[in-house]
Chemist: 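Have a look at the structure that comes next, please.
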Amino acid sequence: SANGNDNKKFKAEDKMDGAPSRVLHIRKLPGEVTETEVIALGLPFGKVTNILMLKGKNQAFLELATEEAAITMVNYYSAVTPHLRNQPIYIQYSNHKELKTDNTLNQRAQAVLQAVTAVQTTNTPISGTTVSESAVTPAQSPVLRIIIDNMYYPVTLDVLHQIFSKFGAVLKIITFTKNNQFQALLQYGDPINAQQAKLALDGQNIYNACCTLRIDFSKLVNLNVKYNNDKSRDYTRPDLPSGDGQPALDPAIAAAFAKETSLLVPQVGSALCEEILPFVCFNPAAWLPVAAVPGALSPLAIPNAAAAAAAAAAGRVGMPGVSAGGNTVLLVSNLNEEMVTPQSLFTLFGVYGDVQRVKILYNKKDSALIQMADGNQSQLAMSHLNGQKMYGKIIRVTLSKHQTVQLPREGLDDQGLTKDFGNSPLHRFKKPGSKNFQNIFPPSATLHLSNIPPSVAEDDLRTLFANTGGTVKAFKFFQRDHKMALLQMSTVEEAIQALIDLHNYNLGENHHLRVSFSKSTI
């Protein structure tokens, strides 16, 4: 057997065609690769029981629980070249039948392994006895302080919840800006979950090459959340008010919240698993939140795609191995089929990205496919618009399994249900570095109006917006610039309706009104 004390014994003598072994030899690793990334290669195939990194040689040994799992992994990766950090790597059977590592030399690797195993095998807190002495210092607090560097794309409270809940139940989140940096405090039910999340996510990017997570334990052990809104949330108390004079959450959404927080990572084999989350469940690596967030933990995106492919090969998932992460197509359901049009969906979803195509489904007119320009935009639209009310109905937004929206064949009349907006002059995000990137906010009752001509007065705008069927509660021109104003409707739903009806409305003098959601209130 191999002994981690004596790295000299680990020669690169292992052959691809050698006898199967549950220990695998991995070569040509990129220099900066982490234990987590190497472990993630093996996770889709079964439990990883040990790891030894030979950093100087750019090699590693990975031990799986069974020989069968190792054989599946080698067979899979002989057909699909594995990559880490965009570099091809090589996997073969080792001559060693098991790994014996000196835990003191291999501390970090063992700690990562234990965190992974804890998440993989159970959702119950780990008692101190299970974690060996070599694990990193005990988690001090269930509360993490998160700072986000290089924030080129907005990161919402919902995105944080999506990422961090892969490691256990997130109870509360508070977001704020300090020293011009977006920060958050996030509380788990158990310090061990906080430790696992910190270990796996610290230093990783949420989106490709930007939005880097910097994570520390907070000195606080409990967060006091007063309001449930886009800045703070207590998932254990869906009844809290939103704090800006609006009523608390819609009761249906409140109920969904309460339900959602009770859904820890489901156990493989449970009904929930098989029906709702086959990808997440079959794939123990799914605690790496790649499917949830586009390009998330980009170095880890490859194992996750591989996991989907491995799952498909095992006949457990219908879809081939494309991680949903970069998907640009959204499925929107529970639409008001009497009212909805491709144009209204283009306008609303266009607040969060450049909509390329819209197709209302011919046989199911309460559902539509919407193709955005990239995966980050589809993620933003999904996190901001899922659960909002449009034409009186709460809409559901999820990632579609389609890669593109097909246009109808030439000469085929599809009753105007499909529309191509690829060349629309109304895209908000065409220009790189456009100011619009900094002004993406969740739907709100307050709207930001711009491009108002000098001849248009407050009363004209109040009348125009009242005609969309809602009540205008407040209005204010910007002091320095009368081309812009804030206008508050009485509910978010009314504001959504007004934006759909009046964005790009011709006010005369060749001025088309621009409407977006505001983070301010009047």
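Just the heavy atoms: all of them, side chains too, but no hydrogens, waters or symmetry mates, feed the values below.
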Chemist: For Asn228 versus Arg233, what's the shortest heavy-atom pair and its separation?
Modeler: OD1-CA, 3.3 Å
Chemist: Report yes if the side chains of Phe167 and Leu201 come closer than 4.5 Å at any heavy-atom pair, otherwise no.
Modeler: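 Touching, per the 4.5 Å side-chain cut-off.
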Chemist: Answer yes or no: is there a donor N or O on one side and an acceptor on the other, between the side chain of Thr446 and the main chain of Thr521, under 3.5 Å?
Modeler: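 A pair under 3.5 Å: no.
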Chemist: Check whether Glu37 reaches the backbone of Thr34 with its side chain - one donor and one acceptor, N or O, closer than 3.5 Å.
Modeler: yes
Chemist: Let me confirm one number: the OG-CG distance from Ser344 to Asp501, rounded to the nearest 0.5 Å.
Modeler: 9.0 Å
Chemist: Between Leu240 and Val225, which heavy-atom pair has the shortest distance, and what is it?
Modeler: CD1-O, 3.5 Å
Chemist: Would Met372 and Val355 satisfy side chain to side chain contact (heavy atoms under 4.5 Å, CB included), going step by step from the backbone distance to the final call?
Modeler: CA-CA 5 Å; Met372 307 297 283; Val355 174; 3.8 Å; yes
Chemist: Write down the atom of Ile500, the atom of Met390, and the distance for their closest heavy-atom approach.
Modeler: CD1-CE, 3.8 Å
Chemist: To the nearest 0.5 angstrom, please state how far the OG1 atom of Thr491 sits from the CD atom of Gln497.
Modeler: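 Interatomic distance, Thr491 OG1 to Gln497 CD, rounded to 0.5 Å: 10.0 Å.
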Chemist: May I ask you to test the Tyr188-Leu144 pair for a side-chain heavy-atom distance under 4.5 Å?
Modeler: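 A side-chain contact under 4.5 Å exists here.
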Chemist: Within the 3.5 Å criterion, strictly below it, is a donor on Lys172 or Asn222 matched to an acceptor on the partner's side chain?
Modeler: yes
Chemist: Taking Asn229 for the side chain and Ser232 for the main chain, is one N or O donor matched with an acceptor at less than 3.5 Å?
Modeler: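 Confirmed, Asn229 side chain pairs with Ser232 backbone.
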Chemist: Report the distance from atom CG of Leu330 to atom OG of Ser400, rounding to the nearest 0.5 Å.
Modeler: 8.0 Å
Chemist: Quick check for you: to the nearest 0.5 Å, what is the distance between Thr156 atom OG1 and Gln379 atom CD?
Modeler: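 With rounding to 0.5 Å, OG1 (Thr156) is 8.0 Å from CD (Gln379).
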Chemist: Does Gln479, at its CD atom, have more than 12 non-hydrogen atoms belonging to other residues, nucleotides or ligands within less than 6.0 Å?
Modeler: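 At most 12 heavy atoms, drawn from other residues, nucleotides or ligands, come within 6.0 Å of this atom.
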Chemist: Output the distance between atom CZ (Phe475) and atom CD (Gln488), rounded to the nearest 0.5 Å.
Modeler: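 Rounded to the nearest 0.5 Å, the CZ-CD separation comes out at 12.5 Å.
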Chemist: So, do Asp202 and Leu213 sit near enough that their side-chain heavy atoms are less than 4.5 Å apart?
Modeler: no
Chemist: Would you find a donor on one side and an acceptor on the other, under 3.5 Å apart, between the side chain of Asn334 and the backbone of Ile395?
Modeler: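 Looks like no, no N/O pair under 3.5 Å.
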Chemist: Over all heavy atoms of both residues, which pair between Ala495 and Ser444 is shortest? Give the atoms and the distance, please.
Modeler: CB-O, 3.2 Å
Chemist: Only counting residues at least two apart or in another chain, list the ones meeting ring pair (Phe, Tyr, Trp, His ring centres under 6.0 Å) with Tyr352.
Modeler: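 Residues passing ring pair (Phe, Tyr, Trp, His ring centres under 6.0 Å) with Tyr352: His384.
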Chemist: Can you tell if the side chain of Leu64 reaches within under 4.5 Å of the side chain of Thr49, non-hydrogen atoms only?
Modeler: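 Answer no - side chains too far apart.
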Chemist: Indicate yes or no: does Asp354 engage Arg428 in a salt bridge with an N to O separation below 4.0 Å.
Modeler: no
Chemist: Taking the side chain as C-beta and beyond, is there a heavy-atom pair between Lys393 and Leu335 under 4.5 Å?
Modeler: no
Chemist: Between Asp234 and Thr236, is there a side-chain donor-acceptor contact under 3.5 Å, judged purely by atom types and distance?
Modeler: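 Looking only at side-chain atoms, Asp234 and Thr236 do form a donor-acceptor pair, the distance falling under 3.5 Å.
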Chemist: Verify whether the ring centers belonging to Tyr235 and His161 lie closer than 6.0 Å.
Modeler: yes
Chemist: Walk me through it: do Ile440 and Val351 pass the test side chain to side chain contact (heavy atoms under 4.5 Å, CB included)?
Modeler: CA-CA 7 Å; Ile440 299 174; Val351 172; 5.7 Å; no
Chemist: Rounded to the nearest 0.5 Å, what's the gap from CD on Gln204 to CZ on Arg214? Could you check?
Modeler: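 If we round to the nearest 0.5 Å, Gln204:CD and Arg214:CZ are 10.0 Å apart.
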Chemist: Show, in sequence, the C-alpha distance, side-chain angles and deciding distance for Arg237 and Lys226, and conclude whether the side chain to side chain contact (heavy atoms under 4.5 Å, CB included) test is met.
Modeler: CA-CA 10 Å; Arg237 300 226 16 229; Lys226 294 193 175 77; over 6 Å; no
Chemist: Answer whether the closest heavy-atom distance between the side chains of Tyr391 and Glu493 falls below 4.5 Å.
Modeler: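 SC-SC contact between Tyr391 and Glu493 ruled out.
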Chemist: Does a donor on one side chain and an acceptor on the other come within less than 3.5 Å for Asp158 and Gln162?
Modeler: no
Chemist: Is a donor on one side and an acceptor on the other found under 3.5 Å between the side chain of Glu494 and the backbone of Ser490?
Modeler: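 Flag set: sc Glu494 to bb Ser490 pair under 3.5 Å.
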Chemist: Test of understanding: with salt bridge (charged side-chain N to carboxylate O under 4.0 Å, His left out), list the residues that count as partners of Arg145, not counting sequence neighbours.
Modeler: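 Arg145: salt bridge (charged side-chain N to carboxylate O under 4.0 Å, His left out) contacts with Asp216.
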Chemist: Do Val332 and Ile370 touch side chain to side chain, with heavy atoms closer than 4.5 Å?
Modeler: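 In short, these two side chains touch, coming nearer than 4.5 Å.
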Chemist: Above 12 or not: heavy atoms from other molecules or residues under 6.0 Å from NZ of Lys476?
Modeler: no
Chemist: Determine the minimum heavy-atom distance between Pro442 and Phe517, stating which atoms define it.
Modeler: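 Looking at all heavy atoms of both residues, the shortest contact is O-CB, 3.5 Å.
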Chemist: Evaluate the side chain to side chain contact (heavy atoms under 4.5 Å, CB included) criterion for residues Leu487 and Phe477: first the C-alpha distance (whole Å), next the side-chain angles of each, then the deciding distance (0.1 Å), finally the verdict.
Modeler: CA-CA 9 Å; Leu487 179 143; Phe477 271 115; over 6 Å; no
Chemist: If we ignore hydrogens and angles and just use 3.5 Å, is the side chain of Gln183 paired with the main-chain N or O of Thr175 as donor and acceptor?
Modeler: no
Chemist: Side chains of Gln181 and Asp149: any donor to acceptor distance under 3.5 Å?
Modeler: yes
Chemist: Please determine whether a side-chain nitrogen of the Lys or Arg among Asp230 and Lys519 lies less than 4.0 Å from a carboxylate oxygen of the Asp or Glu.
Modeler: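 No, Asp230 and Lys519 are not salt-bridged.
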Chemist: Mind checking whether Leu447 and Ser516 have side chains closer than 4.5 Å, heavy atoms only?
Modeler: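 When only atoms from C-beta onward are counted, Ser516 and Leu447 do not touch, as no gap falls below 4.5 Å.
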Chemist: For Thr328 and Gln371, which I'm curious about, is there any donor-acceptor pair between the side chains at under 3.5 Å?
Modeler: no
Chemist: Indicate the atoms forming the closest heavy-atom contact of Val48 with Gly42, along with that distance.
Modeler: CG2-C, 4.0 Å
